[in-house]
Amino acid sequence: MLGLLLARAGVDVLVLEKHGDFLRDFRGDTIHPSTLELMYELGVLDEFLSRPHQKLKQLAGQFGNELIPFADFSHLPTKCKYIVFMPQWHFLDFVADLARQYPTFQLWMDAEVTDLIETNGRIVGAKVETKEGPQNVTSDLVVGADGRTSLVRERAGLTVQELGAPMDVMWFRISRQPDDPSQVLGRFAGGRVMVMLNRGDYWQCGYLIAKGSLDQVKQRGIEAFRQDMLSVAPFLCDRANEIRDWDDIRLLTVRVDRLRKWYRAGLLCIGDAAHAMSPVGGIGINVAVQDAVAAANILAESLKNKTLTEKDLEKVQRRRLFATRVTQAAQVFMQNRVLKPILGNTKQISVPFVLRLFQWFPFLRRIPARLVGVGVRAEHVRTPDAFKGEKGKRGRGEKD
């Protein structure tokens, strides 16, 4: 997204993607109203929504037989008053195809960053492993957008502040039938929690376990896991055997952290590389996109004019830090006050009081809807289109 916005503003951009395509399962799929608003501002919303997706107009939790709605997006001041569930490869393909229209954009696939290049204390580029062999790429700015296990932030020596998470997530897929219950954000039963995302012909399921307890889960055997899953979603009873063995399950190790300093001379981290978000609320993609928009708004002119300084990079962190702190604090609160007491508790779950308030007072649902759907500090596209309809088509991922 940052590459798209900078290239659109006339800045020469090279995006490095270590894989040969974007086809990764078990990644976040939630595109929130704040991101949809950016697509509207770029004039591509209708084209974006032509990609396969499902819409969700409210968030709710299923506690036993009781459905508790707690976020209503219908009152948001945005063009789209709903969340879109779109497989991440469709989202990334769309953004990449849009960016390729600009002659200042390049995308190298199968290009993995292995180290940073430093001169006199300044990051001046990256060492990249490509199909043609190792290459050194020099640049005025290196942006680390390589996730919660960021190699860029590690090589840059940036300090990470851990905020903690009480759970990990076991991801798997299971087929979906037309008469399945409607989608909710989470299902809660006994000491078990499961999130189910509608992917059309199948469910992408996230089963929460206590942090570090995967070995204990495996020791009980795959059949015991199937029964645990069915205790949360009994309507899947005719499909439980689709989970054949542990190879059908992927573990997401949940981390909530942030860098004390997101930058140094010649380098900036954004998204999970700067602040790993909890899966609570499914907001990670959207917070990362907001970082990208803020970075483009602040840096485009200085990058184009070759006048970039560390103060410019500091402005990006200052712009996004408050929103990051508030969002992570809300996630940690939900982790510790709602999820942690549930996980491992064998007693029948009662609806947490904080969620019961949303049931009793429907107007309160606007608060989490605003936090999840728009965020604490919504960003808007301020960079110009330097080409104004004169975009030149490029090939897909050539090195030139």
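No hydrogens, no waters, no symmetry mates; every other heavy atom, side chains included, goes into these values. We're numbering straight along the sequence, starting at 1.
Summarising the local packing, NZ of Lys18 is surrounded by 12 or fewer heavy atoms from other residues, nucleotides or ligands at distances under 6.0 Å. By the 6.0 Å contact criterion, OH on Tyr40 is open, its count of non-hydrogen atoms from other residues, nucleotides or ligands being 12 or less. Residue Lys211 qualifies as enclosed at atom NZ: its count of foreign heavy atoms under 6.0 Å is above 12. For Arg51, the CZ atom sits in a packed shell: over 12 heavy atoms of surrounding residues, nucleotides or ligands are nearer than 6.0 Å. Summarising the local packing, CG of Asn120 is surrounded by 12 or fewer heavy atoms from other residues, nucleotides or ligands at distances under 6.0 Å. When the shell of 6.0 Å around CZ of Phe322 is examined, it contains 12 or fewer heavy atoms from other residues, nucleotides or ligands.
Between Leu308 and Leu313 the shortest side-chain heavy-atom distance falls below 4.5 Å. Put simply, the side chain of Phe48 does not reach to within 4.5 Å of the side chain of Leu98, judged on heavy atoms. Side-chain contact between Val254 and Leu208: absent, with no pair of heavy atoms (C-beta onward) separated by less than 4.5 Å. Side-chain contact between Pro33 and Ile83 is present, with at least one heavy-atom pair separated by less than 4.5 Å. With contacts defined as side-chain heavy-atom distances shorter than 4.5 Å, the pair Cys80/Lys55 does not qualify. Side chains of Ile174 and Met229 form a contact here, defined as non-hydrogen atoms less than 4.5 Å apart. Counting heavy atoms from C-beta outward, His380 and Val293 have side chains that stay 4.5 Å or more apart. Side-chain atoms of Glu66 and Arg356, non-hydrogen and from C-beta on, do get closer than 4.5 Å to each other.
The backbone N or O of Ala288 sits nowhere less than 3.5 Å from a side-chain atom of Asp272 that would complete a donor-acceptor pair. Side-chain atoms of Arg377 come within 3.5 Å of backbone N or O of Arg319 as a donor-acceptor pair. Formation of a donor-acceptor pair under 3.5 Å by the Asp248 side chain with backbone atoms of Phe172 is not found in this model. For Asn136 (side chain) and Lys127 (main-chain N/O), no donor-acceptor pair under 3.5 Å exists by modelled atom type. A donor-acceptor distance shorter than 3.5 angstrom exists from the side chain of Arg153 to the backbone of Arg148, with no hydrogens or angles considered. Panel note: side chain Glu314, backbone Tyr263; no donor-acceptor pair is recorded below 3.5 Å. Proximity of a side-chain donor or acceptor of Arg264 to a complementary backbone N or O of Ala156 within less than 3.5 Å is detected. Using a distance-only test at 3.5 Å, with no hydrogens or angles considered, a donor-acceptor pair links the side chain of Ser50 to the main chain of Glu47. Between the side chain of Asp110 and the main chain of Lys131, no donor-acceptor pair closer than 3.5 Å is present. Distance alone, capped at 3.5 Å, is enough to place a donor-acceptor pair between the Arg226 side chain and the Ile243 backbone.
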Subject >> Audit row: Leu321, Trp262, side-chain contact (heavy atoms from CB on, under 4.5 Å) steps and yes/no >> reply: CA-CA 10 Å; Leu321 185 57; Trp262 300 11; 4.1 Å; yes
**OP:** Assess whether side-chain contact (heavy atoms from CB on, under 4.5 Å) is satisfied between Asp97 and Phe94, documenting all intermediate values.
**Re:** CA-CA 5 Å; Asp97 287 343; Phe94 179 84; 5.9 Å; no
**OP:** Might you work through the side-chain contact (heavy atoms from CB on, under 4.5 Å) test for Thr327 and Ile283, ending with a clear yes or no?
**Re:** CA-CA 9 Å; Thr327 303; Ile283 60 178; 3.0 Å; yes
**OP:** Tell me, with the steps shown, if Arg239 and Asp180 meet side-chain contact (heavy atoms from CB on, under 4.5 Å).
**Re:** CA-CA 12 Å; Arg239 287 158 271 170; Asp180 281 351; 2.9 Å; yes
Subject >> Stepwise side chain to side chain donor-acceptor pair (under 3.5 Å) check, Gln58 with Arg365 >> reply: CA-CA 9 Å; Gln58 72 168 12; Arg365 298 172 196 168; 4.8 Å; no
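The two residues Ala273 and Asp146 come nearest to each other via the heavy atoms CB-OD1, 3.9 Å. When all heavy atoms of Gly200 and Asn198 are compared, the pair lying nearest together is N-OD1, 2.7 Å. Listed here is the closest heavy atom pair of Leu343 and Pro166: CD1-O, 4.3 Å. Closest approach of Gln328 and Ala276 over heavy atoms only: NE2-O, 3.1 Å. Minimum heavy-atom separation, Thr383 to Ala9: CB-CB, 4.2 Å. The shortest heavy-atom contact between Phe22 and Trp89 is O-CB, 3.2 Å.
Phe63 and Leu357 fall within a single hydrophobic cluster, where Ile, Leu, Val, Met, Phe, Trp and Tyr are joined by side-chain heavy atoms under 4.5 Å apart, directly or via other members. Under the 4.5 Å side-chain heavy-atom criterion for grouping Ile, Leu, Val, Met, Phe, Trp and Tyr, Phe85 is connected to Val287 within one hydrophobic cluster. Note on Leu163 and Ile270: separate hydrophobic clusters, where clusters join Ile, Leu, Val, Met, Phe, Trp and Tyr whose side-chain heavy atoms are under 4.5 Å apart, directly or indirectly. By the criterion of side-chain heavy atoms lying less than 4.5 angstrom apart, applied directly or through intervening Ile, Leu, Val, Met, Phe, Trp or Tyr residues, Val376 is not grouped with Leu36; the two fall into different hydrophobic clusters. There is a path of hydrophobic side-chain contacts, each under 4.5 Å, that joins Phe333 to Ile367.
The CD atom of Glu154 lies 9.0 Å from the CG atom of Asp115; values are rounded to the nearest 0.5 Å. Note: Met170 CE to Trp246 CH2 = 5.0 Å, rounded to the nearest 0.5 Å. Between the CD1 atom in Ile68 and the CH2 atom in Trp360 there is a gap of 9.5 Å [rounded to 0.5 Å]. To the nearest 0.5 Å, the span separating CG on Asp168 from CD1 on Ile209 amounts to 5.5 Å. The line from CG of Leu16 to CD of Glu112 is 10.5 Å long, rounded to the nearest 0.5 Å. Between the CG atom in Leu107 and the CG atom in Leu92 there is a gap of 10.0 Å [rounded to 0.5 Å].
A salt bridge links Glu162 with Arg255: at least one charged nitrogen is closer than 4.0 Å to a carboxylate oxygen. One finds no salt bridge joining Glu301 and Arg382 here, because no Lys/Arg side-chain nitrogen approaches an Asp/Glu carboxylate oxygen to under 4.0 Å. In summary, Arg320 and Glu379 engage in a salt bridge, as defined by a charged side-chain N under 4.0 Å from a carboxylate O.
No donor-acceptor contact under 3.5 angstrom links the side chains of Ser231 and Asp228, judged on distance only. In this model, no donor atom of one side chain and acceptor atom of the other lie less than 3.5 Å apart for Gln335 and Gln331.
Both tests hold for Arg176 against Trp203: distance to the six-membered ring centre under 6.0 Å, angle to the ring axis within 45°.
Centroid-to-centroid, the aromatic rings of Phe73 and Tyr82 stay 6.0 Å apart or farther.
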